[in-house]
J.: 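Below you will find the structure I want to go over with you.
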Number of protein chains: 2
Amino acid sequence: MASPKTNPNFMNGVPELLILKLIAKQEMYGYEVVQAIRLQTEEAILLGEGVIYPVLHALERDGALKSRRQTVNGRRRIYYSITPEGQRRLSDLTSNWARLTKAIQTVIVGGQHAEAV
Amino acid sequence: MASPKTNPNFMNGVPELLILKLIAKQEMYGYEVVQAIRLQTEEAILLGEGVIYPVLHALERDGALKSRRQTVNGRRRIYYSITPEGQRRLSDLTSNWARLTKAIQTVIVGGQHAEAV
DNA sequence: TTTGCATACCTTTCAGTTCAAGGTATATAC
DNA sequence: GTATATACCTTGAACTGAAAGGTATGCAAA
């Protein structure tokens, strides 16, 4: 046997994190989320609708988001807002992300405590 | 048609980045890389051999790493060291990672320049 | 002495994600 | 009437990492 224990897909959940965070700040609909990520990250992160919509549905299914329908200018929008469960989830994802980036940063900067092998 | 243009698998390349960085600092063999990542990140990142070895082979195939074989205590090790091509690759991955985390951080902290929608 | 564990290499299979591309429909501008 | 932007959606391929397996050596304990 090889690997003793690893982490389940350690780099995942970032789209989920971004979506939850944006909606936590302010009720949003799917198409709006796609644009918001593009704009706020200045094109550094480009997540298409094929990513956003399925995540939105999954989050609602899990009770992290709830939705309401509204038609504006003849266009049907589905507004999502965060639930207490979603807040918890967002909090988990955020701290996990911090932990990960800190760990990676340590390796990238590296060399301080190491060498002693 | 939906998505105009997205980024090719935006969260990838982190194992590659870590491996290149470690080997850039100091010649290393595969098994050692696995342990180094585990130790230096204090278990925050656990990448098994099933991840490390294929990446090592791919990097060597691409000319980013070169290897030499050596037997120590009856155990056959394959030491990898970085090439100029690997340095370039490491540099790219590092700046790309910085760009990404900065973008994500902006969304997480959020709310400073936004609101104006 | 044989069992187990750590070292050290490797591969294959499965599951989960993302990307790309498509589809539907309405409103507005040209 | 054609194109573009808005707004929703799904499917398929491709890629990745996780899990689990396999081989082999050296050493320590039972």
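Lettering follows sequence order; numbering is per chain, from 1. Please read these numbers as outputs of a predicted model, since none were measured by experiment.
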J.: Are any non-hydrogen side-chain atoms of A/R68 and A/I78 less than 4.5 angstrom apart?
T.: no
J.: May I ask you to evaluate whether B/Y31 reaches the phosphate of C/dT7, defined as a side-chain N or O under 4.0 Å from OP1 or OP2?
T.: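 Indeed, a polar side-chain atom of B/Y31 lies that close.
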J.: Can you see which heavy atom on B/A44 is nearest to which on A/R99, and at what distance?
T.: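 Closest approach of B/A44 to A/R99, heavy atoms only: CA-NH2, 3.4 Å.
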J.: Filter on salt bridge (charged side-chain N to carboxylate O under 4.0 Å, His left out), then keep only pairs touching residues 77-91 of chain A, sequence neighbours left out; what's left?
T.: A/E16-A/R89, A/D62-A/R89, A/E85-A/R88
J.: Within less than 4.0 Å of OP1 or OP2 of C/dC9, is there a side-chain N or O belonging to B/Y29?
T.: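 Negative; the distance criterion is not met.
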J.: Side chain to side chain contact (heavy atoms under 4.5 Å, CB included) with B/L93: which of B/L18, B/N12, B/L17?
T.: B/L17
J.: Between A/P15 and A/V51, which heavy-atom pair has the shortest distance, and what is it?
T.: CB-CG1, 4.2 Å
J.: Measure the distance from CD1 on A/I52 to P on D/dC8 and round it to the nearest whole Å.
T.: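 For the pair A/I52 CD1 and D/dC8 P, the rounded distance is 12 Å.
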J.: For the residue pair B/T71 and B/R76, what are the closest heavy atoms and their distance?
T.: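 Of all heavy-atom pairs spanning B/T71 and B/R76, the closest is OG1-CA, 4.1 Å.
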J.: Check the distance between C/dC19's C1' and B/M11's CE and give it to me in whole angstrom.
T.: 16 Å
J.: Are A/V34 and A/L47 close enough that some pair of their side-chain heavy atoms sits under 4.5 Å apart?
T.: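 In short, these two side chains do not touch, never coming nearer than 4.5 Å.
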J.: Any protein N or O atoms within reach of nucleotides 3-5 of chain C? Criterion: under 3.5 Å, listing atom names and distances.
T.:
none

J.: Can you tell me how far P of D/dA7 sits from CZ of A/R69, to the nearest Å?
T.: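 Result: 15 Å.
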J.: Between P on C/dA8 and CD on B/Q70, what's the gap in Å once rounded to a whole number?
T.: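 So the two atoms are 11 Å apart, to the nearest Å.
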J.: Using atom CZ of B/R77 as one end and atom C1' of C/dC10 as the other, report the distance to the nearest whole Å.
T.: 17 Å
J.: Expressed in angstrom and rounded to an integer, what is the separation of A/R38 atom CZ from D/dA7 atom P?
T.: 13 Å
J.: Nearest heavy-atom pair of A/K25 and B/V107: which atoms, and what distance?
T.: NZ-O, 3.8 Å
J.: Identify the pairs formed between an N or O of the protein and an N or O of nucleotides 27-30 of chain C at a distance under 3.5 Å, and give each distance.
T.:
from   : atom 1 : to    : atom 2 : distance (Å)
C/dA27 : O4'    : A/R75 : NH2    : 3.1
C/dA27 : N3     : A/R75 : NH2    : 3.4

J.: On a heavy-atom basis, which atom in B/Y79 and which in B/Y29 lie closest, and how many Å separate them?
T.: CE2-CD2, 3.5 Å
J.: If every non-hydrogen atom of A/L90 is compared with every non-hydrogen atom of A/A24, which pair is closest and at what distance?
T.: CD2-CB, 3.8 Å
J.: Side chains of B/I82 and B/L59, heavy atoms from C-beta outward: is any pair under 4.5 Å?
T.: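 Side-chain contact under 4.5 Å: no.
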J.: For the pair made of CD in B/E32 and C1' in C/dC9, what is the distance, rounded to whole Å?
T.: 14 Å
J.: Could I get a table of every N or O pair under 3.5 Å where one atom is in the protein and the other is in nucleotides 11-16 of chain C?
T.:
none

J.: In this structure, how many angstroms lie between the C1' atom of D/dA18 and the CZ atom of A/F10, rounded?
T.: 11 Å
J.: Which of residues 15-22 of chain B sit near DNA chain D, with a heavy atom under 4.0 Å from it?
T.: B/P15
J.: A/R76 side chain N/O closer than 4.0 Å to the phosphate oxygens (OP1, OP2) of D/dA7?
T.: no
J.: Using the side chain to side chain contact (heavy atoms under 4.5 Å, CB included) criterion, which residues pair with B/T101? Sequence neighbours excluded.
T.: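 Once residues adjacent in sequence are excluded, the partners of B/T101 under the side chain to side chain contact (heavy atoms under 4.5 Å, CB included) criterion are A/W97, A/T101, B/W97.
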J.: Between the main-chain N or O of B/I37 and the side-chain N or O of B/T41, is there a donor-acceptor pair closer than 3.5 Å?
T.: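 Yes; judged by distance alone, with no hydrogens or angles, the pair exists.
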J.: What I want to find out is whether B/E43 reaches B/R38 closely enough, with some N-O distance under 4.0 Å, to be called a salt bridge.
T.: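 Yes, B/E43 and B/R38 are salt-bridged.
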